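The shown structure was predicted, so the numbers you read here are calculated from the model rather than taken from an experiment. FYI, side chains are in, hydrogens and waters are out, and symmetry mates aren't considered; it's all heavy atoms of this structure. Chain A is the first sequence line, chain B the second, and so forth, proteins listed ahead of strands; every chain is numbered from 1.
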Protein chains: 2
Amino acid sequence: MTQESPTFSPLYRQIKTLILQALEAGEWLPGQVIPSEQELAARFNVSQGTVRKAIDEMAADNLLVRKQGKGTYVASHNDPRALFRFLRLVPMDGDLSHPQSLPLDCWRAKAGQEASRMLGIELGAPIIILRRLLKFGAKPVVIDEIYLPGEIFQGLSMEVLQGWSGSLYSLFETRFGLRMIRAQERIRAVGADRSTSDALKVPEGTPLLSVERVTYTYGDKPVEWRRGLYSTAEHYYLNELN
Amino acid sequence: MTQESPTFSPLYRQIKTLILQALEAGEWLPGQVIPSEQELAARFNVSQGTVRKAIDEMAADNLLVRKQGKGTYVASHNDPRALFRFLRLVPMDGDLSHPQSLPLDCWRAKAGQEASRMLGIELGAPIIILRRLLKFGAKPVVIDEIYLPGEIFQGLSMEVLQGWSGSLYSLFETRFGLRMIRAQERIRAVGADRSTSDALKVPEGTPLLSVERVTYTYGDKPVEWRRGLYSTAEHYYLNELN
DNA sequence: TAGTGGTCTAGACCACTGT
DNA sequence: CAGTGGTCTAGACCACTAC
């Protein structure tokens, strides 16, 4: 007899949506401070506690970062702490040297069936394919093949890639205004083919981790599809289950 | 000049600790309701909001489950929703049939170097080793070797295992009062050896996922170490990155 | 000292579940 | 209907950061 409001949404969630829209619109950029809770409360005509709850959730989602005494910041992949948010590979000895990204190839193509499905774009739409090697110290450990929608990544080229010292997502964020929010990985075990075994310096047929990742930006829009082959001779993929 | 309290802990965290202790002491068992927020507030002499914040965190930690209008419950592995909390394997076709656990062996032994380190017990301490097969429908997909501290799992035997229809953690919880709180998995790719290839019905040398898991109970105490070999011909390991 | 987020409280009201 | 968790508010005070 009740069940009156099937679309009930608490105030703080509406506020969350509004803040999200402001973020999406680029009102505050990654790494910058957003207005104080008091200011936002005034702007949206709600109490500070309601804004607080909205921001709490967004901080839990890794969209914002709170810093006591300073303010609330827009999360950024330029932050070195963000590097291992998506890269779960860990050296078996506790070596903490940061991995180094080496671009190998970068070319344009048209989306095939799989790429178009994964990226949610038309079959035949322009895409950019990027191959790169990840090294931990001197050891090649991961070889990635990365598929990007050409429309979004207009100016991407080998020159751009080679002139960038930070992480890939850091580049995407700074150069293309694209913020990677969440990702989903599908992991399988496969044998190394000829070219992969060359790149990773392992015998042909060596078991490797195949890690397929789809990465999403605001509004759950997929903007990257990649397949990485991980050599797990001296590294492992670490996953925390809670 | 300030920095007065290096061990400052907010009230709601102290309350959280108290509730945790009550849980650990078995004051409320898995699946049962805990007292209402009002009652707990009265018991601990704080406001309802403070209890609420403590419970919020524990719910986020998957220790408690809130049910509006009914109460707050102690999380339980008997809950069917908990099955896929630690098992991240998904069929490639959307088949949702629940996996079936088939115990193969169960014997007693003494902890070797690796087991003693992983389980935080003395070298040579009694342990129980358990082998089992996981099937999705008719297909064998995972073979597990599970190491348990003998002290805790006194009465565990093949008979007990075979007489249990639910999940392993559900058995541990019900039969041994052990609640699995969190786990850590280290994933690598390996080739199937002879006995594994037999059990999983795959050719020898087939690349498999090696998933080593350490599972913890209250107080970050490790109580299970297992190694699973996953056939990823028709399944994949799914991981959400946030 | 001023401004920020963090904690704690008390009270009002809403939504959901059972009887 | 009474009891539960869920939301929202307003105000006081604490902890941290900067100037």
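The shortest non-hydrogen separation linking B:E173 to B:H77 is OE1-N, 3.0 Å. Nearest heavy atoms, A:S76 versus A:G31: CB-N, 3.8 Å. Nearest heavy-atom pair across A:Y218 and A:L23 is OH-CB, 3.8 Å. Contact record, A:P91 with A:H235: CA-CD2, 3.4 Å, taken as the closest heavy-atom pair.
A cation-pi arrangement, defined by a distance under 6.0 Å to the six-membered ring centre and an angle within 45 degrees of its axis, is present between B:R182 and B:Y216.
Tested against B:Y169, the residues B:F86, B:F176, B:W164 include a single ring pair (Phe, Tyr, Trp, His ring centres under 6.0 Å) partner, B:F86.
Classification of the B:Y237-B:Y230 ring pair by plane angle, with boundaries at 30° and 60°, yields tilted.
Base-pairing analysis of DNA chain D finds the following stems of at least three consecutive Watson-Crick or G-U pairs, with both pairing distances under 3.5 Å: C:1-18 with D:1-18.
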For a quick test of your reading: what N or O donor-acceptor pairs under 3.5 Å do the side chains of residues 39-46 of chain A make, sequence neighbours left out?
unit_1: A:E39; atom_1: OE1; unit_2: A:S36; atom_2: N; d: 3.3
unit_1: A:E39; atom_1: OE1; unit_2: A:S36; atom_2: OG; d: 3.4
unit_1: A:R43; atom_1: NH1; unit_2: A:E27; atom_2: OE2; d: 2.9
unit_1: A:R43; atom_1: NH2; unit_2: A:E27; atom_2: OE1; d: 3.3

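One distance of note links CZ of A:F172 with CG of A:L178; it measures 8.0 Å at 0.5 Å rounding. Separating the CZ atom in B:R227 from the CD1 atom in B:I146 is a distance of 13.5 Å, to the nearest 0.5 Å.
With rounding to whole Å, B:Q48 atom CD is found 17 Å from D:dT9 atom P.
Within residues 51-78 of chain A, the residues having any heavy atom closer than 4.0 Å to DNA chain C are, in order of number, A:R52, A:R66, A:K67, A:Q68, A:G69, A:K70, A:G71, A:T72. The stretch residues 11-30 of chain A has no heavy atom under 4.0 angstrom from DNA chain C at all. A heavy atom closer than 4.0 Å to some atom of DNA chain D occurs in B:S36, B:E37, these being the qualifying members of residues 31-38 of chain B.
Annotation: side chain to side chain donor-acceptor pair (under 3.5 Å) contacts of B:S101 (sequence neighbours excluded): B:R132.
A close approach under 4.0 Å does not occur between any side-chain nitrogen or oxygen of B:T50 and OP1 or OP2 of C:dT7.
Proximity of a side-chain donor or acceptor of A:Q32 to a complementary backbone N or O of A:V74 within less than 3.5 Å is not detected. Between the side chain of B:R175 and the backbone N or O of B:V160 there is no donor-acceptor pair closer than 3.5 Å.
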